[in-house]
S.K.: 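Mind looking over this structure? Questions follow.
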Amino acid sequence: MGIFDTHAHYFKEDFGEELEQLLADLPSKNVEKVLAVGCDLPSSEEEIALAERYDYIYAAAGIHPEYALAYSGHAAEIPDNWENELEALLKHDKVVALGEIGLDYHYPEPPKDVQREVFIKQLKIAKRLDIPVIIHSRDACADTLDILKEYKPRGVLHCFSGSAETAREVVKLGMYIGFTGVLTFKNSKKAWAACEAVPLDRLLLETDCPYMAPVPHRGERCDSSMIAFTAEKMAEIKGVSTEEMIETARRNAERLFFNDNI
Ligand code: NI
């Protein structure tokens, strides 16, 4: 009855030499499955390589909005045929989602139109391959919703930071919503309200590690075992036991990423 961490970044750059031992130990800490998420082609390949070596790890491949400029034809080192390369990665046995992709208007770069272009290109690939998407959206709520309404992907809005009203709209589109350790932070009233607005069968648990460690580990380097604290808070908000929350969120994730009819 273990945890499914639906959004983790296990890159050598962040975890160094400790990475292998950490991943070897996670199954003994009640972590049953991990979805390791890429941010561009090389980091997606890095996560796929982990999925090949660890049974319980699955991978997602995609171009994060932060890398949109490079993948919009403005960087010499990115091949013109990156969409074909991405498609090839998505056909790997252990790749269960396209992500993470989306919009991030927190900083002025990359330009919004470039982000939208790379996002939409990938939504079209997801539709063609019938694969779920993992959406990142920061300070870009209206544009994200407009695009989701137009392209209607299957998938999850991860590390949700929007209002309860936005959460309801996303649920109406048939999508899932993922919450990180932010849910355990002291001033997260907005996230609690959003979580309350999402039906139990649409909630996913995630870490977004190495970032977003839940209280009492806030500020530390996060890993999938810490998700138990987020599950506890989510359970409190939803009025269920922590065990039931972990179990329900895992089944939701299996339904979305493995097409399991449960
Ligand atoms: Ni992420």
Side-chain angles (χ1 to χ4, degrees), residues 3-15 19 22-23 26 31 33-51 57-68 70-71 86 89-90 95-107 110 115 118-119 122-123 126 131-141 144 148 153 155-162 170 175-185 188 191 194 203-214 217-227 230 234 249 253 256-257:
I3 282 162
F4 191 155
D5 181 358
T6 59
H7 196 112
H9 301 288
Y10 284 120
F11 302 136
K12 194 85 190 246
E13 192 189 339
D14 298 308
F15 291 87
L19 181 60
L22 188 142
L23 294 179
L26 283 181
V31 175
K33 291 187 177 79
V34 166
L35 183 46
V37 181
C39 296
D40 62 354
L41 290 180
S43 64
S44 296
E45 283 168 13
E46 199 180 334
E47 301 299 54
I48 292 168
L50 291 179
I57 297 182
Y58 297 80
I63 315 298
H64 188 286
E66 195 184 321
Y67 296 90
Y71 284 84
L86 176 59
L89 296 183
L90 294 170
V95 173
V96 297
L98 197 171
E100 58 186 293
I101 62 176
L103 301 174
D104 194 326
Y105 295 168
H106 193 66
Y107 301 107
Q115 291 192 38
V118 172
F119 182 26
Q122 294 182 96
L123 288 174
I131 189 166
V133 293
I134 299 168
I135 310 279
H136 168 103
S137 175
R138 183 160 65 149
D139 300 343
C141 188
T144 305
L148 294 180
V156 55
L157 202 57
H158 108 91
C159 193
F160 191 76
S161 58
V170 172
M175 296 185 72
Y176 292 76
I177 293 187
F179 287 96
T180 62
V182 169
L183 216 49
T184 67
F185 296 174
S188 289
L203 284 168
L204 300 187
L205 280 165
E206 58 170 279
T207 53
D208 207 11
C209 69
Y211 315 106
M212 306 291 181
H217 295 285
R218 188 170 182 179
E220 294 172 26
R221 187 188 70 193
C222 183
D223 68 62
S224 299
S225 67
M226 294 182 187
I227 211 172
T230 309
M234 192 184 269
L256 174 62
F257 297 118

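Fair warning: this is a prediction, and the values are worked out from it, not measured in the lab. All values below come from the heavy atoms of this structure, side chains included, with hydrogens, waters and symmetry mates left out. If you read the sequence from its start, that first residue is 1, and numbering goes on from there. Ligands are counted one by one from 1 in listed order, and the atoms in each one are counted from 1 as well.
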S.K.: Who pairs with Ala213 by side chain to side chain contact (heavy atoms under 4.5 Å, CB included), at least two apart in sequence or on another chain?
M.R.: His217, Cys222, Met226
S.K.: Once you measure the plane-to-plane angle for His7 and His158, does it fall in the parallel (<30°), tilted (30-60°) or perpendicular (>60°) bin?
M.R.: parallel
S.K.: Between Asp208 and Tyr211 (side chain of the first, backbone of the second, donor and acceptor by atom type, cut-off under 3.5 Å), is there such a pair?
M.R.: no
S.K.: What is the minimum heavy-atom distance between Phe4 and Val34, and which atoms define it?
M.R.: CE2-C, 4.2 Å
S.K.: Short question: side chain of Gln115, backbone of Pro110 - any donor-acceptor pair under 3.5 Å?
M.R.: yes
S.K.: Using a 3.5 Å distance criterion without hydrogens, assess whether the side chain of Thr180 forms a donor-acceptor pair with backbone atoms of Glu206.
M.R.: no
S.K.: Distances under 2.8 Å only: what protein N/O/S atoms are near the Ni ion (ligand 1), ordered by chain and residue?
M.R.: His7 NE2, His9 NE2, Glu100 OE2, Asp208 OD1
